[in-house]
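See below for the structure under consideration.
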Amino acid sequence: MSNLSLFLGCVAPNRYPGIEAATKKTFSKLGIELDDLEGASCCPAPGVFRSFDKTTWLTLASRNIALSEEMDDDLLTICNGCYSTLKEAETELKKDSGLKKEVNEKLFETGHEFRGQHDVRHVIEYLYQNIGVDGIREIVSNQLDLRVAVHYGCHLVQPLKEAGSGLVTNDITFFDELVEATGAKSIDYEDKMMCCGAGGGARAAVQDATLRITEKKLQNMIEEQVDCIVNACPFCHLQFDSGQQDINKNSGTNYEIPVLHYTQLLGLAMGFSPEELGINLNSTNTAVFIQRIKEGFVTA
Amino acid sequence: MISNIERCYQCGQCTSVCPMGEQEQTYRIRRFLQMEKLGLETEESMVVPFIFYCTTCYKCQDNCPQGVNLVDAVLAIREKAVHKGKMLEAHKKVGQMLINYGHAVPTNTDAMEKRGLLGLEERPPTVQASIEGLSEIKTLMRLTGFDKLVAESEVEEQLTENAAMVQQADFTQQQVAEEKA
């Protein structure tokens with residue numbers, strides 16, 4: 001079995017480093033050493049850069065995969081957008097030798113080569129398939145007594161569907177199962193599979209409209225009295241966390257739902273403190289949530 | 001023709017489930033597809049900037065009875081616009097970030113401080129901590145011409161919904177006038 005490199009992307013290391021810390025801590029606890037992917041760049045983002053110039057998008061994506069291949073590693077992403085870009089690039093280049101040759105001619109200029117002998121993995125898909133729900137359940141030391149609104153995110157689902165993973169069915173559950181392996185309860189809510197609003201460059205282009213999409217999701221979650229949102233993507237994380245503050249500022253509302261990446265939820269269940277996982281570093285105030293966690297909102 | 005858009009028969013099932021279409025009257029996927037099919041490039045103002053509002057959520061594609069690869073089509077229509085020099089100001093900035101820093105969202109002092117609190121290196125081990133890595137991706141962007149593409153694009157005004165409605169009304173009036181003539 002090949003080892004794993006950690007592909008950081010942009011938003012996790014540069015806006016929500018708690019997600020990076022949580023990923024390293026939880027994988028270490030699982031006995032998996034994640035290699036740093038030194039010199040990696042933006043994936044580059046699937047909605048914007050792919051639509052500006054597909055050749056540039058594919059070339060930079062293939063360099064990121066090549067860096068991981070040079071260490072004989074599969075590449076692990078913690079972001080849906082990065083997964084969409086890197087999985088699609090991997091699939092296209094493995095399938096089309098002409099395209100691979102074209103990309104490699106450019107990569108050779110920088111001393112790299114896309115060989116196509118390794119895989120791109122998403123952290124949720126990896127945990128589900130390689131560790132398994134039972135494996136997670138076994139390693140959890142704190143049972144989390146939380147009502148969770150699971151947000152899959154569009155670019156976790158679509159690449160898995162295209163790859164024929166078998167995980168995407170009408171009754172999609174793999175992410176909910178992982179959440180429930182921590183003792184938490186995944187609460188059904190209206191339009192659960194709807195977009196967070198941010199993707200495709202829309203957040204930059206029409207932020208107000210994207211926040212209205214986000215607010216609809218927030219309302220549906222509040223309706224079900226959830227304790228927190230759990231996502232699989234730093235960009236969805238940003239849209240929900242920082243978005244709540246934008247909405248509050250623009251509309252005088254008072255949204256205050258804690259937003260966690262799955263690795264942070266898993267970290268809590270493994271016994272790491274909220275501070276070690278950066279849950280206190282969100283834009284939306286998480287003090288009440290953290291207090292409740294510390295007062296035994298979790299049961300050992 | 002882009003992707004398989006010839007299969008579109010204008011039923012509108014795409015827009016009926018589109019979260020952006022629900023928020024922005026100007027965002028109508030089937031119209032973009034039809035204009036692309038008919039080659040109506042003179043009415044480009046009906047497409048740009050709106051085509052850049054897609055969140056790429058794939059709901060339209062999941063709901064299309066004709067199996068049109070709608071997201072690919074939207075992205076390809078965008079790519080044509082960008083290659084004609086049409087880019088939104090916000091997207092041009094994102095492009096410049098990639099060219100200058102190798103990240104669409106580069107680090108800032110707040111992030112470096114938070115990383116310190118978490119016991120992480122101040123700069124993540126990406127191109128942000130690798131002069132060589134940054135120089136490699138700059139080379140690649142020069143080879144693909146991305147640096148020029150971004151530098152030479154005009155900036156498109158990002159229209160508010162009201163401005164867009166006015167523009168749409170002007171367009172309809174113009175159509176009516178042309179039909180009368």
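Residue numbers start from 1 in every chain, and the chains themselves are labelled A, B, ... in the order their sequence lines are given, proteins ahead of strands.
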Select one option (side chain, backbone, both, neither) describing which atoms of [X] are under 4.5 Å from chain A's heavy atoms.
X	value
B:Lys114	both
B:Ala129	neither
B:Ile137	both
B:Leu149	side chain
B:Thr144	both
B:Gln128	side chain
B:Phe146	both
B:Leu117	side chain
B:Val105	both

Expected output: side-chain [X] to main-chain [Y] donor-acceptor under 3.5 Å:
X	Y	answer
A:Asp73	A:Leu75	no
B:Asn108	B:Ala111	yes
A:Asn64	A:Cys42	yes

Which one, [options], leads in non-hydrogen pairs under 4.5 Å with chain B?
options	value
A:Lys24, A:Glu276, A:His112	A:His112
A:Thr210, A:Leu8, A:Asp36, A:Ile213	A:Ile213
A:Gly47, A:Cys154, A:Pro17	A:Pro17
A:Ala12, A:Gly200, A:Ser51	A:Ser51

Given a strict heavy-atom distance threshold of 4.5 Å, which part of [X] is in contact with chain B: side chain, backbone, both, or neither?
X	result
A:Ala45	neither
A:Leu277	backbone
A:Lys54	both
A:Leu37	backbone
A:Glu38	both
A:Phe49	side chain

Taking the basic N atoms (NZ, or NE/NH1/NH2) and the acidic carboxylate oxygens, is any pair closer than 4.0 Å for [X] and [Y]?
X	Y	answer
B:Arg78	A:Asp53	no
A:Glu162	A:Lys87	no
B:Asp110	A:Arg15	no
B:Glu79	A:Arg50	no

Take A:Glu92 and A:Lys100, measure what salt bridge (Lys or Arg N to Asp or Glu O under 4.0 Å) needs, and give me the verdict at the end. CA-CA 8 Å; A:Glu92 283 202 26; A:Lys100 182 172 144 186; over 6 Å; no
Might you work through the side-chain hydrogen bond (donor to acceptor under 3.5 Å, both in side chains) test for B:Gln23 and A:Asp208, ending with a clear yes or no? CA-CA 9 Å; B:Gln23 303 299 336; A:Asp208 284 359; over 6 Å; no
With a 4.5 Å cut-off on heavy-atom pairs, point out which of B:Thr56, B:Val17, B:Ile131 contacts chain A the most.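 Top option by heavy-atom pairs under 4.5 Å: B:Thr56.
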Any luck finding a side-chain donor-acceptor pair between A:His261 and A:Thr263 under 3.5 Å?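 A pair is found: one side chain offers a donor N or O, the other an acceptor, under 3.5 Å apart.
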Any side-chain donor paired with an acceptor under 3.5 Å for A:Tyr152 and A:Asn80? no
Stepwise salt bridge (Lys or Arg N to Asp or Glu O under 4.0 Å) test for B:Arg115 and B:Glu121: CA-CA 7 Å; B:Arg115 295 183 65 83; B:Glu121 319 88 325; 3.5 Å; yes
